[in-house]
Amino acid sequence: MNILAAAVIVTLTALGVLHVYWGFGGRWPGRTEADLVARVVGLQRGAMPGLGACLAVALALLSAAYIVAVRQGAPQLGLPRAWWAAGYWGVGVVFLLRGIAAHAPGVFSYAIGTPFYDLNRHYYAPLCLAIAAAMAISYVRAWQPG
């Protein structure tokens with residue numbers, strides 16, 4: 001397994017676990033629910049998304065991690081290789097678009113004035129772009145013919 005793919009798998013898994021933690025009421029990196037909402041959702045007021053929403057995002061992130069792992073040789077679970085490749089590029093494109101969106105006019109304007117707005121532009125979006133880039137680079141270093 002190449003180091004970039006391993007880093008993506010670890011990162012996506014950690015983000016998935018973090019969403020499970022939030023779903024069950026965890027507050028880090030905030031101190032209160034309102035502080036957490038301002039940091040990770042970007043709202044001045046309101047509640048954190050519920051358990052179902054957090055688990056749905058966690059499942060998506062953990063599934064993305066597994067898609068990357070399959071590209072590195074994990075079991076394909078009976079699905080055709082082409083489906084895994086399509087999923088891999090789909091995940092990469094989602095992270096690319098998410099990273100770009102932070103700098104697109106109006107996309108995150110609802111969050112102006114919250115910690116999320118700056119965190120998104122300086123940390124969350126660059127992380128998404130790094131994931132997309134690492135996935136693209138590591139794609140060619142996997143799956144030998146045959």
Side-chain angles (χ1 to χ4, degrees), residues 1-104 106-139 142-143:
M1 176 177 303
N2 77 58
I3 191 80
L4 286 175
V8 170
I9 292 165
V10 168
T11 300
L12 293 174
T13 300
L15 291 171
V17 170
L18 184 58
H19 280 78
V20 170
Y21 166 76
W22 289 335
F24 283 101
R27 295 292 176 245
W28 182 88
R31 288 178 220 89
T32 64
E33 182 176 12
D35 186 36
L36 182 63
V37 169
R39 290 175 181 273
V40 302
V41 180
L43 298 176
Q44 302 268 357
R45 294 184 182 96
M48 272 298 284
L51 176 62
C54 289
L55 292 180
V57 173
L59 179 61
L61 289 163
L62 295 171
S63 296
Y66 192 75
I67 288 169
V68 175
V70 166
R71 180 71 184 165
Q72 298 299 310
Q76 295 181 37
L77 306 176
L79 296 174
R81 186 170 163 177
W83 289 19
W84 290 106
Y88 190 98
W89 286 107
V91 168
V93 167
V94 165
F95 278 98
L96 175 65
L97 294 175
R98 171 60 182 84
I100 292 169
H103 301 285
V107 174
F108 289 102
S109 60
Y110 72 88
I112 293 173
T114 66
F116 171 86
Y117 189 77
D118 290 327
L119 290 168
N120 186 36
R121 294 174 64 89
H122 298 292
Y123 298 103
Y124 306 156
L127 177 60
C128 290
L129 293 173
I131 289 169
M135 288 181 69
I137 293 166
S138 68
Y139 188 85
W143 272 345

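Since the model is a prediction, treat every value here as computed from it, not as a measurement. Just so you know, residue 1 is the first one in the sequence shown, and it goes up from there.
The main-chain N or O of M135 is found under 3.5 Å from a side-chain atom of Y88 such that the two form a donor-acceptor pair. Distance alone, capped at 3.5 Å, places no donor-acceptor pair between the W22 side chain and the V17 backbone. Side-chain atoms of W84 never come within 3.5 Å of backbone atoms of V70 as a donor-acceptor pair (strictly under, hydrogens ignored). With R121 contributing its side chain and A102 its backbone, the two residues share a donor-acceptor pair below 3.5 Å.
The shortest distance between side-chain heavy atoms of V40 and P29 falls below 4.5 Å. Between L129 and I100, some side-chain heavy-atom pair lies under the 4.5 Å cut-off. Within the 4.5 Å cutoff, side-chain heavy atoms of R39 are placed close to those of R31. Counting only heavy atoms from C-beta outward, the side chains of F116 and L43 never approach each other to under 4.5 Å.
Remark: R71 CZ to Y66 OH distance equals 14.5 Å, nearest 0.5 Å. To the nearest 0.5 Å, atoms CD (Q44) and OH (Y110) are separated by 11.5 Å. Summarising the geometry, atom CG belonging to L18 is positioned 12.5 Å from atom OG1 belonging to T13; distances are rounded to the nearest 0.5 Å. Put simply, CD1 on I67 and CG on L12 are 9.5 Å apart, with the number rounded to the nearest 0.5 Å. Considering OH of Y124 and OH of Y117, their distance stands at 14.5 Å, rounded to 0.5 Å. To the nearest 0.5 Å, the span separating CG on L96 from CD1 on I131 amounts to 11.5 Å.
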Before you tell me yes or no, could you show the steps for Y123 and L127 under side-chain contact (heavy atoms from CB on, under 4.5 Å), namely the whole-Å CA-CA distance, both residues' side-chain angles and the distance that decides it to 0.1 Å? CA-CA 6 Å; Y123 298 103; L127 177 60; over 6 Å; no

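Of all the heavy atoms in C54 and P49, the pair that sits closest is SG-O, 3.6 Å. The two residues A125 and G99 make their nearest non-hydrogen contact at CB-O, 3.5 Å. Nearest heavy-atom pair across E33 and M48 is OE2-N, 2.9 Å. Minimum heavy-atom separation, L36 to G26: CD2-O, 3.4 Å. Annotation for A58 and G16: closest pair CB-O, 3.3 Å, computed over non-hydrogen atoms.
Residues passing the ring-ring contact (aromatic ring centres under 6.0 Å, His included) test with W89, sequence neighbours excluded: Y139. In this structure, D118 has no salt bridge (charged side-chain N to carboxylate O under 4.0 Å, His left out) partners at least two apart in sequence or on a different chain.
With I137 as the partner, the side chain to side chain contact (heavy atoms under 4.5 Å, CB included) test is satisfied by one option alone out of N2, L4, V8: L4. The side chain to side chain contact (heavy atoms under 4.5 Å, CB included) test with L55 singles out one residue from L51, V57, L59, and that residue is L51.
Few gaps surround OH on Y21; more than 12 heavy atoms of other groups in view lie less than 6.0 Å from it.
Side-chain N/O atoms of N120 and R98 include a donor and acceptor closer than 3.5 Å.
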